[in-house]
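Have a look at the structure below before the remarks.
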There are 2 protein chains.
Amino acid sequence: MKIIDGGVTAATGFEAGSTAAGIKYEGREDMAIVFSQVPCKVAGTFTTNVVKAAPVLWDKNIVDTAPYVRAVIVNSGIANACTGEEGMRICAATAQAVCDLTGEDVSTVLVGSTGVIGRQIEEDKIVAGVKALMAVKEDTIEAGTKAAKAIMTTDTHKKEIALTFEVGGKTITLGGMCKGSGMIHPNMCTMLGYITTDLNISKALLQEALSEVVKDTFNMISVDGDTSTNDTLLLLANGMADNEEITEKNADYTTFKEVLYIVCEYLAKEMAGDGEGATALFTCRVVGAKNTRDAKVLAKAVICSSLTKAAIFGHDANWGRILCALGYSGAQFDPAKVEMHFESAAGSILIFKDGVAADYSEEEATKILSEKEVTVICNMHEGDAAATAWGCDLSYDYVKINADYRS
Amino acid sequence: MKIIDGGVTAATGFEAGSTAAGIKYEGREDMAIVFSQVPCKVAGTFTTNVVKAAPVLWDKNIVDTAPYVRAVIVNSGIANACTGEEGMRICAATAQAVCDLTGEDVSTVLVGSTGVIGRQIEEDKIVAGVKALMAVKEDTIEAGTKAAKAIMTTDTHKKEIALTFEVGGKTITLGGMCKGSGMIHPNMCTMLGYITTDLNISKALLQEALSEVVKDTFNMISVDGDTSTNDTLLLLANGMADNEEITEKNADYTTFKEVLYIVCEYLAKEMAGDGEGATALFTCRVVGAKNTRDAKVLAKAVICSSLTKAAIFGHDANWGRILCALGYSGAQFDPAKVEMHFESAAGSILIFKDGVAADYSEEEATKILSEKEVTVICNMHEGDAAATAWGCDLSYDYVKINADYRS
């Protein structure tokens with residue numbers, strides 16, 4: 001497999017477009033389309049929040065029942081969440097605007113929204129936006145990149161990746177984009193993520209691969225512990241690479257899942273590291289746990305701890321807060337067995353062992369914690385299971401961004 | 001019942017003292033004693049964190065097995081957590097220093113520590129501190145107040161309260177103090193809380209009353225979602241009010257529990273409102289929930305949401321974040337039925353109803369949210385259960401305090 005340029009338009013037959021529809025933001029593009037030149041299969045995972053945004057309800061229904069799809073329309077600025085019947089009507093009107101041009105059923109169009117909760121989207125604006133998107137969409141890398149930028153809210157940079165790999169002598173491409181910076185604590189998937197591939201695979205296996213990979217990638221990141229009403233991850237497969245359809249869990253399926261894992265892990269880490277106000281990507285790697293469930297629970301407790309996140313912002317080796325977070329995670333373990341290291345591009349240092357602090361240099365620890373990517377490795381010495389979770393530090397800017405996000 | 005001046009020394013036969021032992025802080029008192037002139041009964045609740053500080057292990061054993069106790073020694077600055085065998089040795093040495101003067105067994109002395117995790121307390125300093133405390137302790141209100149100040153860490157003010165009530169023609173006094181500002185998310189009780197009473201009551205009922213009241217008070221507050229390694233709440237009863245011993249759940253027991261609730265709720269709210277960097281006490285009152293468990297889970301999710309807390313700091317009526325937090329709390333409900341009001345000394349305003357935003361004035365909402373105590377009332381319209389949780393806003397100062405707490 002090989003990493004290549006691009007994102008959602010990297011795979012054969014996928015187009016993208018973006019436009020400034022004035023949904024809420026001024027002076028920037030705020031709508032994007034991902035379009036397949038031929039009917040394609042779709043898999044999806046969505047927020048577990050009881051309060052589901054209208055686009056989540058709309059998309060869930062399509063993923064569950066529609067025979068094929070053609071397009072995804074995304075807007076930033078307004079989340080179309082807590083918007084009642086009117087919100088659902090906007091989803092239908094958005095889809096209809098695409099279908100006025102394709103002549104297909106509204107069930108072929110998925111929608112996604114991100115931004116402020118509770119405000120209604122104006123129908124004329126979003127319909128005009130759809131028309132503009134259908135006119136400008138193209139299959140270039142640049143079009144994909146512009147789409148990745150149009151769906152950003154408080155993100156500081158666009159997030160996209162593409163890879164190629166071989167299946168039965170054919171070159172397959174898998175590419176994706178996502179956005180997410182605040183209200184990130186996916187319980188099924190992330191804020192908004194869109195992945196496209198020209199692979200030919202059965203719909204059942206497409207969904208199974210996505211659901212499994214999401215558990216170890218998007219579901220293992222957190223910026224602020226708030227699980228959004230809008231979390232949506234869609235995987236579109238149009239089969240244009242022309243390989244023989246994958247219908248069982250053979251070696252090709254395994255290869256596909258590995259590549260999908262790389263794409264999802266990359267996008268998830270990009271979101272965690274670009275958390276609102278973040279100055280560092282903070283990774284917790286738990287090894288030697290009793291079982292995988294414990295390993296995940298432990299790793300996630302650490303990257304979610306506000307006190308630990310604030311210490312990382314301060315480059316302070318305040319390991320007591322990490323041990324404390326492991327302790328309240330819900331997993332059982334013997335604190336005296338825990339071994340803890342900090343690690344970054346600046347080096348690695350043993351911090352805690354045999355129930356007490358190791359004899360380490362605070363100066364060296366601070367140096368290690370001053371990098372843009374820092375990792376704490378916790379060896380529980382209780383078994384063989386491992387897990388990784390990704391988060392970010394907690395800075396003044398997180399508070400600033402969120403104290404007055406709506407204005 | 002009547003609120004009176006004072007705290008832990010308000011009840012007959014209880015003394016307190018404080019001293020500057022130089023455990024970690026310079027130029028301030030950092031040790032306190034609560035002392036009963038006669039043997040007294042003790043009840044306690046402790047952190048559920050797997051990682052328990054040495055004083056928690058020490059106290060738990062005493063609460064479970066000791067026939068009576070005489071004193072509590074508390075230090076601030078160092079938490080004596082993650083300190084291994086040496087930490088337990090310090091607890092024993094502290095207790096022994098009291099017993100050198102009382103001639104009693106070390107099982108009569110409880111200890112408590114709060115501050116930085118992982119550092120060892122120097123034995124000569126804490127032993128000298130105990131000697132000083134035993135020399136200065138007295139039964140005045142001032143001595144109690146000074147003790148409440150000595151146990152503070154990042155708290156901005158001391159927290160104490162006392163009440164009197166009647167049992168069998170005798171006047172009973174119940175008073176308490178607590179500290180806690182960061183790492184506050186009690187799962188059994190709070191950071192450090194000490195309550196004294198001259199009531200005569202069986203040990204079993206003393207513990208039962210405390211355990212039940214804690215569930216609705218200390219366990220319903222959160223500053224930052226981090227459950228400490230040191231959470232300890234002790235209730236000492238020395239019987240000196242001379243009432244006939246309460247040995248069953250009669251009217252006197254009910255009265256006692258009501259007064260205990262008032263004391264615990266007051267202290268818990270004081271801690272929430274004095275959360276690190278907090279500018280407001282933020283209360284969530286859930287009514288109309290299916291059952292009490294749901295009501296508690298819903299209320300706690302709201303006051304724990306970082307996004308909601310940042311919005312409260314910004315006086316921003318960002319109700320979507322509150323609905324979002326209700327949605328991921330784990331409780332099931334119909335979002336369309338939720339009715340939400342904001343309330344404070346400046347008034348009350350309907351924000352959300354019938355699945356959409358109410359037609360409210362943003363200006364008026366901001367005015368209501370600009371008070372020092374703000375409440376959101378969520379009527380789920382699913383049943384009759386209610387619960388209240390207390391938290392605070394998330395400010396720049398929370399980050400500032402915690403990015404470099406150790407230095």
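Convention: sequence-line order gives letters A, B, ...; per-chain numbering from 1. Computed from a prediction, not measured in an experiment: that's the story for all the values here.
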Who pairs with A:Arg293 by salt bridge (charged side-chain N to carboxylate O under 4.0 Å, His left out), at least two apart in sequence or on another chain? none

Under 4.5 Å heavy-atom distance to chain A, tell me which part of B:Gln120 shows up: side chain, backbone, both or neither. side chain

Any donor-acceptor pair under 3.5 Å from B:Lys309 side chain to B:Cys392 backbone: yes

Quick one: does B:Asp155's side chain have a donor or acceptor within less than 3.5 Å of a partner on B:Asp274's backbone? no

Considering only NZ, NE, NH1 and NH2 on the basic side and carboxylate oxygens on the acidic side, decide whether A:Arg89 and A:Glu86 come within less than 4.0 Å. yes

N/O donor-acceptor pair under 3.5 Å between B:Asn49 side chain and A:Cys324 backbone: yes

Could you tell me which non-hydrogen atom of B:Trp390 sits nearest to which non-hydrogen atom of B:Ile303, and how far apart they are? O-CD1, 3.3 Å

Report, by ascending residue number, the residues of residues 329-337 of chain A in heavy-atom contact with chain B at a distance under 4.5 Å; give 'none' if the set is empty. A:Ala331, A:Gln332, A:Phe333, A:Pro335

If you count heavy-atom pairs under 4.5 Å between each of B:Ala79, B:Gly118, B:Ala357 and chain A, which one has the most? B:Gly118

Would you confirm whether the ring centroid of B:Phe352 sits within less than 6.0 angstrom of the ring centroid of B:Tyr360? no

